[in-house]
Number of protein chains: 2
Amino acid sequence: MATHRLRFTADFLDPRAAATAASHLVDGPTATHLARTFAALADPTRLRLVSALSHVELCVGDLATLLGLTQSAVSHQLRLMRSLRLVKSRRAGRVVYYALDDDHIHDLFHRGLEHLQHQ
Amino acid sequence: MATHRLRFTADFLDPRAAATAASHLVDGPTATHLARTFAALADPTRLRLVSALSHVELCVGDLATLLGLTQSAVSHQLRLMRSLRLVKSRRAGRVVYYALDDDHIHDLFHRGLEHLQHQ
DNA sequence: CTAAAATATGATTAGTTGCTCATGTATTCA
DNA sequence: TGAATACATGAGCAACTAATCATATTTTAG
């Protein structure tokens, strides 16, 4: 949580508040990493894929039919989601089944939904 | 959570799995709305602003100094964050103080951090 | 009233993104 | 082996985004 030490010689209007803020400020690399995690959930298609896969695994074609998208669009998104460890794949013959890789993702997704309903 | 009724005459490879997925699939508008929430946290600068404001309010200039950004860049982000109800502002003379508008946002932010550390 | 300080905002731009289209790869079946 | 099925992928494009630069607005001090 704490960042590198700061010189408060810079003229802050409120040095005390700035010091408090600084002690909680996340550093750049951490912020970038965390931003990538949220960015993974910052797209309607990916959110719908997460919700579809939240209780059952599905193959690419069925996901495409379900969401009303082309197979290509879904496959591109799944590749991205796999690189981000959101989903994992399992091959069965010529069919590839996708499932959530991690409960945490579904948890974040659910927290987000709760946040929506609570306002 | 449940979406509109689906015709399963479409040839799903696995109709049972598809029906299960459909019952959990979020609809388009909800997904779009939720995506906007996550998108608000999908930027390193906004995440750092949230962390800075997590325990204290700060004025625009001090936020800019703290993050090492221009006043303009910070002001633009704060305007966006205000429109998304992430932060609220309070004017005191010619200084405008910003604070988190909602505990839920800090909660989501924290959940995300936990997710990072847990892998 | 005027200058200065603090913040807000419009225009522009480089970078990113999500989809489509065409094509490539892998696997099964006749 | 060859056709068909399921999925993956590269190129290209339109839409979006976050920063910069210049300028406008608001408020205080003199």
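In what follows, chains are A, B, ... by sequence order, proteins preceding strands, each numbered from 1. In what follows, every heavy atom counts, from backbone to side chain, and hydrogens, waters and symmetry copies are set aside. Keep in mind that what you see is a predicted model, and the values were worked out from it rather than measured.
- Mapping B/Ser72 and B/Leu80 onto DNA chain D by nearest heavy atom places B/Leu80 closer to the 5' end of the strand.
- The nucleotide whose nearest atom lies closest to any side-chain atom of A/Leu13 is, among D/dC7, C/dA8, C/dA6, C/dA6.
- Under 3.5 Å, the side chains of A/Asp27 and A/Thr30 contain a donor-acceptor pair of N or O atoms.
- Note on B/Tyr98: only backbone sugar-phosphate atoms sit closer than 4.0 angstrom, heavy atoms only; bases stay farther off.
- When distances are taken from the side chain of B/Thr45 to each of D/dA19, D/dA8, C/dA6, the shortest belongs to D/dA19.
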Between the protein and nucleotides 24-29 of chain D, list every N/O to N/O distance that falls short of 3.5 Å.
none

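- When distances run from any side-chain atom of A/Arg79 to the nucleotides C/dA8, D/dC7, D/dT9, the shortest one goes to D/dT9.
- A distance of 7.5 Å separates CG in A/Leu80 from CG in A/Leu86, rounded to the nearest 0.5 Å.
- Of all nucleotides listed (D/dT9, C/dA8, D/dA18), C/dA8 comes nearest to the side chain of B/Ser75.
- B/Arg46 comes within contact range of the sugar-phosphate backbone alone, with a heavy-atom separation under 4.0 Å but no base atom that close.
- With centres under 5.5 Å and a plane angle under 30° as the test, the ring of A/His76 is not stacked against the base of C/dC19.
- Inter-axis angle, ends of the helix from C/dC1-D/dG30 to C/dA30-D/dT1, five pairs per end, rounded to 10 degrees: 10°.
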